[in-house]
Number of protein chains: 2
Amino acid sequence: MTPTLPEMCAALGDQTRWDILTRLGQEAMSASALARVLPVSRQAIVKHLDVLSEAGLVTAERRGREIVYAALGSRLNALAHELDRIGNAWDTRLRALKSLAEG
Amino acid sequence: MTPTLPEMCAALGDQTRWDILTRLGQEAMSASALARVLPVSRQAIVKHLDVLSEAGLVTAERRGREIVYAALGSRLNALAHELDRIGNAWDTRLRALKSLAEG
DNA sequence: TCGAAGTGCAACACTGGGGTTGCACTTCTA
DNA sequence: TAGAAGTGCAACCCCAGTGTTGCACTTCGA
């Protein structure tokens, strides 16, 4: 099932995961390949990829002995739209209160 | 200074903070008032409010002996736009690769 | 002016998340 | 077919974040 809003944000609330995502946004690669270019162990990266996969932010495709991951934008866009909606609601309410106080 | 992308997401990556934000999005209130309606102590709420304030997601206004907080949408909208931009970039790249493979 | 309500500060406990290492297993390739 | 490369699983360490309690201090109102 689709993760909740806090869960999505938590998945994106880690620097290492953003490092991984930026790489995967430029080029699809395996966990071992990521471990070669990032300053953390492969196992750490695997755990992060699990989180990202759970959040629907990456796809995994098996190619023989390796698993190639790629960044997936659709969930990020969906999250963005929801956050935008909520942000607008808050500010709309604030503007309404303000005009009420001034009027 | 303005918090980084992972920092913003981390601030939003907690259920209790969303509980607080939702309340503050409907009605501005103090930490003590929040502690009355949420199942956590006032001190816990104060810490969360510090995080949210640091992220620019709430405003704090002193009114005599109490401090009234309100949810602020602008930072959330800014974050949303950035996430949307990044999501589009990822998918654009994927579509380019796909059409390259097919063509 | 005294008590109630609100905030500030500090110390403490507990859990989860991020990270590591080691080893077994699978798959490619020379 | 043996070794290199990749993944899977498990145990372990560490600390930052979440939450608590207790007490001092400020401010409002009857």
Side-chain angles (χ1 to χ4, degrees), chain A residues 3-24 27-72 75 79, chain B residues 3-24 27-72 75 79:
Chain A
T4 70
L5 218 146
E7 282 167 353
M8 281 297 299
C9 292
L12 293 170
D14 182 272
Q15 180 61 54
T16 303
R17 278 200 282 271
W18 275 103
D19 293 344
I20 293 175
L21 283 174
T22 358
R23 296 279 179 168
L24 295 183
E27 175 188 11
M29 31 191 331
S30 70
S32 296
L34 283 166
R36 266 179 243 120
V37 295
L38 293 180
V40 284
S41 72
R42 174 182 62 93
Q43 288 305 325
I45 290 183
V46 167
K47 291 186 190 177
H48 285 305
L49 286 172
D50 286 344
V51 174
L52 294 172
S53 176
E54 198 73 23
L57 290 166
V58 300
T59 52
E61 184 188 354
R62 177 137 228 158
R63 270 189 217 159
R65 96 183 119 184
E66 63 181 358
I67 299 179
V68 176
Y69 297 85
L72 206 57
R75 277 288 172 83
L79 173 64
Chain B
T4 71
L5 219 147
E7 281 168 353
M8 281 296 299
C9 292
L12 293 170
D14 182 272
Q15 181 60 55
T16 303
R17 279 199 279 273
W18 273 103
D19 293 344
I20 293 176
L21 283 174
T22 323
R23 296 281 180 167
L24 295 183
E27 176 188 10
M29 28 191 333
S30 70
S32 297
L34 283 166
R36 267 180 243 120
V37 296
L38 293 180
V40 284
S41 71
R42 173 182 62 93
Q43 288 305 326
I45 290 182
V46 167
K47 291 185 191 178
H48 285 305
L49 286 172
D50 286 344
V51 174
L52 293 173
S53 176
E54 198 73 23
L57 291 166
V58 299
T59 52
E61 184 189 353
R62 177 136 228 158
R63 270 189 217 157
R65 98 182 116 183
E66 63 181 359
I67 299 179
V68 176
Y69 296 86
L72 206 57
R75 278 288 173 83
L79 173 64

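Below, chains carry the letters A, B, ... as their sequence lines are ordered, and counting in each starts from 1.
B:E54 has its CD atom 15 Å from the C1' atom of D:dG17, to the nearest Å. Taking atom CG of A:D50 as the reference point, atom P of C:dG19 lies 14 Å away to the nearest angstrom. Rounded to whole Å, the distance from CD on A:Q15 to C1' on C:dG17 is 16 Å.
Comparing A:D14 and B:Y69, the nucleotide of DNA chain C nearest to each residue sits closer to the 5' end for B:Y69. Positionally, the nearest nucleotide of DNA chain D for A:S32 lies more toward the 5' end than for the other of B:G13 and A:S32.
With D:dT21, D:dG8, C:dG19 as the candidates, the nucleotide lying closest to the side chain of B:Q43 is D:dT21. Nearest to the side chain of B:R65, among C:dA5, C:dT7, C:dT27, sits C:dA5. Picking from D:dT7, D:dA5, C:dG18 the nucleotide with the shortest atom distance to the side chain of A:K47 gives C:dG18. Comparing C:dT20, D:dG19, D:dT7 by their nearest atom to the side chain of A:R62 picks out D:dT7. With D:dG6, C:dT7, D:dC28 as the candidates, the nucleotide lying closest to the side chain of B:A31 is C:dT7. The A:S41 side chain lies nearest to C:dT21 when the options are C:dT21, C:dT7, D:dT20. For B:I67, taking side-chain heavy atoms from C-beta onward, the closest of the listed nucleotides D:dG19, D:dA4, C:dT7 is C:dT7.
When heavy atoms are screened at a 4.0 angstrom cut-off, A:R17 is found touching the sugar-phosphate backbone but no base atom.
One cannot find a donor-acceptor pair under 3.5 Å joining the base of C:dG19 and the side-chain atoms of A:R42.
The side-chain contact (heavy atoms from CB on, under 4.5 Å) test with B:V58 singles out one residue from B:I20, B:L24, B:D50, B:V51, and that residue is B:L24.
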